[in-house]
Amino acid sequence: MTASLLSQLSARVGQVFADCELDPKFGKVVLSQRRELGQFQCNGALAAAKSAKRNPREIAELVVAALEKTGLFQELSLAGPGFINMKLADDFLLDHVNAISKDETFGIRGECTPEKVILDFGGPNVAKAMHVGHLRATIIGESLRRLHEFLGNEAISDVHFGDWGLPMGLLIKEIELQQPELPYFDTANEGPFPSESPVTVDELQELYPAASARSKEDPEFLEAARQATFELQNGRAGYRALWQHMLNVSIAETKIDFDLLGAHFTEWKGEADTNDHIPGMLKRFADEGLSELSDGAVVVRVAEDADKKEIPPLILQKSDGAVMYGTTDLATIEQRQIAHDPDKILYVVDARQSLHFEQVFRAARKGSSLDADAVLEHVGFGTVNGKDGKPLKTRDGGVVRLRALIEDAIGEARKVVEEAGMADRFDAGELSDIATKVGIAAIKFADLSNQRMSNYVFDLERFTKFEGKTGPYQMYAAVRIKSMLRKAADQNITSGDLVITEEAERNLMLALSQLSEAVLSAAEKSAPNILCDHVYALTQEFNAFYHDCQVLGETDEKVRASRLRLCEITLRQIEAVLHLLGIAVPERM
RNA sequence: GGCCCCAUAGCUCAGUUGGAUAGAGCAACAGACUUCUAAUCUGUAGGUCCGAGGUUCGAAUCCUCGUGGGGUCGCCA
């Protein structure tokens, strides 16, 4: 198994530090910040000097002297107060790139211990079309899912449908108001009920805002909706049947969006699936003295003495008897523990819910709802803003539908692609496939390249550009290579052993060798933007190489074979990382 | 009011956990095409890292106090 280049170097340098009776952790090697001075650097001599009260330059000199004997470096130098700059011997770099290229995951999977990770993302709601708010949850969640899969983890993804709260009661009562003749509202009716849904998805989407508005003006309606919610949760047959229709219709609709975005779920569970688990859980919490009555509601107090902030108790059961989403979230944790015994559960949900998750996680710990060493983590993210810096809205101030957003992106991509003259080169089917891929790549790359927690400005024109740090630029680099490989095949040119003849080749190999750190650190921090940075650095180095080095036209056969091989490896890596970002690359464009 | 997040080039953003001269991309300017796809590449210019203290040999990064923006603070999700 191949350890990453940086960890190999760090281990070597760390050994030297150890030989000098210093902590080997000071041997940490990082990418050079000043490429003109070296490819890599180690700053450990400064930190080591501090803790050992020795002279940093002296330590650095010892380290350099010891490293020179290894023969791994073409150049070693000492600069400033004790920075060690290094340039690798080409043979070492070549061996490394060769080694990682033979492995399907570029040697990365071998560095990890497989874990079982549950990813909770997407989070659509019954009757509400997915909107901008779901964009990031879906894109980030799917990227993390693919990342964990890549690392060899068992990745379980659950869409966790919002299908069980007060909105359900509101919808039931709204439908009753508009179509009282339907059979679902008769208490005595135990079914069977019609198999056809009484409402279409479009109707549902009208119904919810109407019901929501009505509940704000009409307290009696709200009260009726609360009652309906309670009865639904307690199994009233007609309500259950109607609810099932609403859920089915909504799931079918959200699947269209998820398919467009390439999101995959291994489980299509929802809040409602916790219903049978909840009574037992409530009883256990009460029996163990973990919950108590407060103003008529059942709550778990989760505040701790050490808290800086005030953490309100988690409400398990409202005074009207119905449960809330905190209750279903807690029950979901218990069910996941039973069904999967996970090492980690990640919640890819809007950052604004951080307090909620804090409460739920604490309640889960308090109630031993899952293994003590299992990790619960809220992977939050910021909002998608318009050019005015405020959360994205439609022209008339409404919620932007996810579908509309995706269609706009594809439309914009189509424009760009047609302006580039692709309509002449491809038939309608292929053109539309390219436009779709470009559009999706544009929004995904733009979204994922931002640091998760910060808000970002949604600007399609910028996202769909082929220049700069955009999705389409990354795709273009990959397509360029594909085109070249096709040509090579046509001309019977084959790839061979790697050699280095130009700086551009060396730089490209160095970029290829950085994947491991990017992937591992992206996984550790749940930060896909690190993957974006890596693939961008890689495509930039490739484009520079492409510019400086002829591949097919190279006359020296060995060099030509090496360059072709380098192209193959680069393509594999670009496609691999883009796959982790959820971006698909067309064959031609 | 308490707490959380954010503030870096004209614009949009990175910044490898405390290291050298703070980096990209757009936009601007100057170059490179009888192309393995120029949808590319090379270069120039652009900074009070919100402010003030502090810790340190060394701070965009850590601590304190402010300023500005966003969010949140028990029966919605």
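Every chain is numbered from 1 and lettered A, B, ... according to where its sequence line falls, protein lines coming before strand lines.
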- prompt: Side-chain donor or acceptor of A/D350 under 3.5 Å from a matching atom on the base of B/A77?
  reply: no

- prompt: A/S319 side chain: which of B/A39, B/G19, B/C75 is closest?
  reply: B/C75

- request: Find which nucleotide of RNA chain B each of A/S294 and A/L31 is nearest to by heavy atoms, and output the residue with the more 5' nucleotide.
  value: A/L31

message: If the glycosidic angle sits within 90 degrees of zero it is syn, else anti. Tell me which applies to B/U40.
response: anti

- request: Take atom CG of A/L355 and atom P of B/C75, then tell me their distance rounded to the nearest Å.
  value: 12 Å

query: OP1 or OP2 of B/G69 sitting under 4.0 Å from any side-chain N/O of A/N455?
result: no

field: Along RNA chain B (nearest heavy atom to each residue), the more 5'-positioned of A/Y473 and A/L6
entry: A/L6

statement: Separation of B/C75 atom P from A/L330 atom CG, nearest Å, is 18 Å

- request: Could you state the atom-to-atom distance from CZ of A/R352 to P of B/G71 in whole Å?
  value: 8 Å

- prompt: Nearest-Å distance, CG (A/D533) to P (B/G25)?
  reply: 12 Å

task: Select one nucleotide: of B/U16, B/U21, B/C76, the one nearest the side-chain heavy atoms of A/R34.
output: B/U21

- request: State whether A/S354 places a side-chain N or O below 4.0 Å from either non-bridging phosphate oxygen (OP1 or OP2) of B/C3.
  value: no

- prompt: Is the shortest side-chain N/O distance from A/K318 to OP1 or OP2 of B/C76 below 4.0 Å?
  reply: yes

message: Any base atoms under 4.0 Å from A/C549, or only sugar-phosphate, or nothing? Heavy atoms, all strands.
response: base

field: Lys NZ or Arg CZ of A/R588 over A/F426 ring: under 6.0 Å, within 45°
entry: no

task: Taking side chain to side chain contact (heavy atoms under 4.5 Å, CB included) as the test, write out the residues that go with A/A561, two or more places apart.
output: none

- request: Taking only the side-chain heavy atoms of A/P167 (C-beta and beyond), determine which of B/A20, B/C76, B/A27 contains the nearest atom.
  value: B/C76

- line: Among the nucleotides B/C5, B/G58, B/C41, whichever has the atom closest to the side chain of A/K50 is B/G58

- request: Answer with base, sugar-phosphate or nothing: what part of the nucleic acid does A/A47 contact at a heavy-atom distance below 4.0 Å?
  value: base

field: Candidates B/C26, B/C36, B/A20 - which lies nearest the side chain of A/N85
entry: B/A20

- prompt: Does the ring of A/Y546 lie flat against the base of B/C36, closer than 5.5 Å centre to centre with planes under 30°?
  reply: yes

query: Checking all strands, does A/E554 fall into the base, sugar-phosphate, or nothing category for heavy-atom contacts under 4.0 angstrom?
result: nothing

- request: State whether A/R362 and A/E358 are salt-bridged, where the test is any N-O pair (Lys NZ or Arg NE/NH1/NH2 against Asp/Glu carboxylate O) under 4.0 Å.
  value: yes

query: Does a nitrogen or oxygen in the side chain of A/R226 sit under 4.0 Å from OP1 or OP2 of B/C75?
result: no

- prompt: Any idea which of B/C75, B/A32, B/U72 is nearest the A/H547 side chain?
  reply: B/A32

field: Note: A/K558-A/D556 ion pair, threshold 4.0 Å (strictly below)
entry: no

query: Is the shortest distance from a Lys or Arg side-chain nitrogen in A/K465 or A/E467 to a carboxylate oxygen in the other one below 4.0 Å?
result: no

query: Cation-pi between A/R214 and A/F221: NZ/CZ under 6.0 Å from ring centre and within 45° of the ring axis?
result: yes

task: Specify the separation, in whole Å, of atom CG of A/D548 and atom P of B/C36.
output: 14 Å

query: Parallel, tilted or perpendicular: which fits the ring planes of A/W164 and A/W243, with parallel below 30° and perpendicular above 60°?
result: perpendicular

- prompt: Is the base of B/A20 touched by the side chain of A/Q41 through a donor-acceptor pair closer than 3.5 angstrom?
  reply: yes

field: Closest nucleotide among B/C76, B/C41, B/G74 to the A/V299 side chain
entry: B/G74

message: Categorize A/V457 for me: base, sugar-phosphate, or nothing, with a 4.0 angstrom heavy-atom threshold over every strand shown.
response: sugar-phosphate

message: For Watson-Crick and G-U wobble pairs within 3.5 Å on both distances, what is RNA chain B written in dot-bracket notation, | included for inter-strand pairing?
response: (((((((..((((.....[...)))).(((((.......))))).....(((((..]....))))))))))))....

Interatomic distance, A/M324 CE vs B/C75 C1' [rounded to whole Å]: 5 Å

query: Between A/F83 and B/G19, do the rings stack, that is, sit under 5.5 Å apart with planes less than 30° off each other?
result: no

Proximity to the side chain of A/N125 - top-ranked nucleotide from B/A77, B/C26, B/C13: B/A77

query: Just how far, in rounded Å, is C1' of B/C75 from CG of A/L293?
result: 13 Å

query: Is there a donor and acceptor pair, one atom on the side chain of A/Y325 and one on the base of B/A77, closer than 3.5 Å?
result: yes

message: Counting only side-chain heavy atoms from C-beta out, which of B/C75, B/A39, B/C36 sits nearest to A/K487?
response: B/C36

- request: Name the nucleic acid region contacted by A/V416, choosing base, sugar-phosphate or nothing; use a 4.0 angstrom heavy-atom cut-off, strictly under.
  value: nothing

message: Rounded at 0.5 Å granularity, tell me how far OH in A/Y347 sits from CZ in A/F357.
response: 6.5 Å

statement: Closest to the side chain of A/Q451, out of B/C76, B/A20, B/A14, is B/A14

